[in-house]
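Notes for the one structure printed next.
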There are 2 protein chains.
Amino acid sequence: MYRISQLARKFGLCRSTLLYYDQEGLLSPSGRSDAGYRLYSEADLERLAAIVSFRKAGLSVEETRAVLESEEGEASVLRKRLAAIGAEIRALQAQQHLLARMLRVQSEGGLPESVDKETWVAMLRAAGMDDQAMATWHAEFERRAPQAHQAFLLSLGISEQETQVIREWSAAAADGVSPQR
Amino acid sequence: MYRISQLARKFGLCRSTLLYYDQEGLLSPSGRSDAGYRLYSEADLERLAAIVSFRKAGLSVEETRAVLESEEGEASVLRKRLAAIGAEIRALQAQQHLLARMLRVQSEGGLPESVDKETWVAMLRAAGMDDQAMATWHAEFERRAPQAHQAFLLSLGISEQETQVIREWSAAAADGVSPQR
DNA sequence: ACTAAACCGTGAAGCTGTAGACGGGTCAAT
DNA sequence: ATTGACCCGTCTACAGCTTCACGGTTTAGT
């Protein structure tokens, strides 16, 4: 049986955080001492370990509780969080662009600030990539992060229609139907 | 002269937001009507336009005030925010990885929708790029579109400091001082 | 037995930025 | 003058904690 501050130290949390979790019904101690002290069991410890990792993944206290209570709807909550993270990252990247532009106003100028398709291809060719290597790279991109692949193609100024074409043959190439054959 | 809700609508903000800005001394109306209503001048409107764009870049109210008051330390605040964004993105990517691992346990799915440094390098390697080719590619990127190079590196979640390092040796490599010698 | 340090519980307030409720004021049309 | 539709200022609440204050408890050392 652990007392609250012991448990907090063990997980690098603040005592108040555990008090808060208790108050929110996320983690209640399984017992109390004679003096009314919270006593956490070994099972509580394991539950807390799970809680900590879910919270590290960015789940809210509410979501974490849902995952731990229902147990079955877990995947859907996690997937929703994954989607939310994507949105957050895109929002931050928009902020990056905004700031980069603000900072550029004072310093520098002249060279283009974004890359188009031709420039990109030229850069890859300069690095020794041939058509087949690029096909492989597209396929890999499509396989690992389809959303990001789409976003990237759009950022090169490629039309949405054409991105669809590229992505389709990227997916096909990944299945072994490589374009050059 | 605008009244508070008019101004809020004009900028797509909530009335309470302007009330808050007034309370925090970020934007105080330059006058009051007989009935005690806040009245915003044309100058206030311009100031608000600036405020909105800084806030869109993710500056806190406090930081925004600092930028608008001091005027000269502007760049340093913006750069600090840029660094903070990088850190936030990396934190989110860490959450992505964590979630992807959690989800992969039960089912395959939930691929990340943005790319980080490791994924990017892995994709290029899969396409047959070696270290030297990547160095060439960076050099080419830096030569043709330094700003875009910077933005691209940031989008991978690389810290601003590290992007400076990469860009410096990219520039050096382009001058013939290639890293492999 | 006594004291000091370290602990405990409860309760409240503070943080950011926004949203909403509340009661009263303003304004056009009747 | 009165109705109704807005509008205003002020106050409270939200997440997810942290910090602070108060007073009781345990523990170690003398």
Side-chain angles (χ1 to χ4, degrees), chain A residues 1-41 44 48 51-68 77 80-81 84-85 88 91-92 95, chain B residues 1-40 44 48 50-68 77 80-81 84-85 88 91-92 95:
Chain A
M1 291 301 226
Y2 308 90
R3 290 194 302 193
I4 192 166
S5 289
Q6 289 173 1
L7 196 62
R9 262 195 302 274
K10 216 180 267 285
F11 283 86
L13 302 175
C14 182
R15 179 178 83 108
S16 351
T17 304
L18 292 182
L19 288 172
Y20 178 66
Y21 287 171
D22 186 9
Q23 181 187 315
E24 297 298 306
L26 180 57
L27 178 72
S28 300
S30 39
R32 293 270 184 156
S33 77
D34 295 348
Y37 289 10
R38 277 165 250 258
L39 294 178
Y40 294 87
S41 70
D44 294 336
L48 182 54
I51 289 171
V52 165
S53 76
F54 284 125
R55 304 260 27 227
K56 260 197 202 136
L59 296 197
S60 69
V61 167
E62 182 57 37
E63 288 165 335
T64 303
R65 187 172 48 200
V67 165
L68 289 177
V77 175
K80 221 162 71 186
R81 173 64 193 151
I85 290 177
E88 282 177 45
L92 286 172
Q95 295 189 5
Chain B
M1 291 301 227
Y2 307 90
R3 288 191 305 190
I4 191 165
S5 289
Q6 290 175 359
L7 197 61
R9 262 195 302 276
K10 215 180 269 282
F11 283 86
L13 301 175
C14 180
R15 186 176 72 104
S16 339
T17 304
L18 292 183
L19 289 171
Y20 179 65
Y21 289 171
D22 185 10
Q23 182 186 318
E24 296 300 305
L26 179 57
L27 178 72
S28 300
S30 36
R32 294 269 183 158
S33 77
D34 295 347
Y37 289 9
R38 277 166 251 260
L39 294 178
Y40 295 87
D44 293 336
L48 181 54
I51 289 171
V52 165
S53 76
F54 285 124
R55 303 259 27 227
K56 261 198 201 133
L59 296 197
S60 70
V61 167
E62 182 57 38
E63 288 166 335
T64 303
R65 188 172 46 200
V67 165
L68 289 178
V77 174
K80 220 161 72 187
R81 174 63 194 153
I85 290 176
E88 283 177 45
L92 286 172
Q95 297 189 5

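Per chain, numbering begins at 1; letters A, B, ... match sequence-line order.
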Salt bridge (charged side-chain N to carboxylate O under 4.0 Å, His left out) contacts touching residues 23-36 of chain A (sequence neighbours left out): none
In a table with atom names and distances, give each donor-acceptor pair under 3.5 Å that connects a side chain of residues 5-17 of chain B to protein atoms at least two apart or in another chain.
residue, atom, partner, partner atom, Å
B:Q6, OE1, B:R3, N, 3.3
B:T17, OG1, B:C14, O, 3.4

Roughly how far, to the nearest 0.5 Å, is CD1 of A:I4 from CG of A:L19? 4.0 Å
Measure the spacing between OG1 of A:T64 and CG of A:L27 and express it to the nearest 0.5 Å. 11.5 Å
What heavy-atom pair brings [X] and [Y] nearest, and what distance separates the two atoms?
| X | Y | answer |
| --- | --- | --- |
| B:A57 | A:Q95 | O-OE1, 3.1 Å |
| A:D44 | A:S30 | OD2-OG, 2.7 Å |
| B:D22 | B:S28 | OD1-OG, 3.2 Å |
| A:R81 | A:G58 | NE-O, 3.3 Å |

Within the structure shown, what part of the strands sits under 4.0 Å from B:R15 by heavy-atom distance: base, sugar-phosphate, or nothing? base
A:S16 near the nucleic acid: base, sugar-phosphate alone, or nothing, with a heavy-atom cut-off under 4.0 Å? base
What are the bounds, 5' to 3', of the part of DNA chain C that sits under 4.0 Å from heavy atoms of chain B? C:dT16 to C:dT26
Salt bridge (charged side-chain N to carboxylate O under 4.0 Å, His left out) against B:R55, all qualifying residues, sequence neighbours excluded: none
Contacts of type salt bridge (charged side-chain N to carboxylate O under 4.0 Å, His left out), residue A:E63, not counting sequence neighbours: none
Side chain proximity check, [X] to [Y], heavy atoms < 4.5 angstrom:
| X | Y | result |
| --- | --- | --- |
| B:E88 | A:E88 | no |
| A:Y20 | A:V61 | yes |
| A:L18 | A:Y40 | yes |
| A:V77 | A:F54 | no |

Test of understanding: with side chain to side chain donor-acceptor pair (under 3.5 Å), list the residues that count as partners of A:Y2, not counting sequence neighbours. A:E42
Tell me which residues in residues 19-27 of chain A put a heavy atom below 4.0 Å from DNA chain D, sorted by number, or none. A:Y20, A:Y21
With the threshold set at under 4.0 Å for non-hydrogen atoms, list the residues of residues 4-12 of chain B touching DNA chain D in residue-number order. B:I4, B:S5, B:R9
A:R65 CZ - D:dG16 C1' separation (whole Å): 13 Å
In whole Å, I'd like the distance from the CZ atom of A:R32 to the P atom of D:dT25. 14 Å
Between A:L13 and A:A35, which has a closest nucleotide on DNA chain D that is more 5'? A:L13
In residues 54-64 of chain B, what residues come within less than 4.0 Å of DNA chain C, judged by heavy atoms? B:R55, B:S60, B:V61
Provide a list of protein-nucleic acid N or O atom pairs under 3.5 angstrom, restricted to nucleotides 22-24 of chain D.
residue, atom, partner, partner atom, Å
D:dG24, N2, A:Y37, OH, 3.3

Partners passing side chain to side chain contact (heavy atoms under 4.5 Å, CB included) against A:R65 (at least two apart in sequence or in another chain): A:L26, A:E62, A:E69
Find the bend of the helix from C:dA1-D:dT30 to C:dT30-D:dA1 as the angle between its two terminal axes (five pairs each), to the nearest 10°. 30°
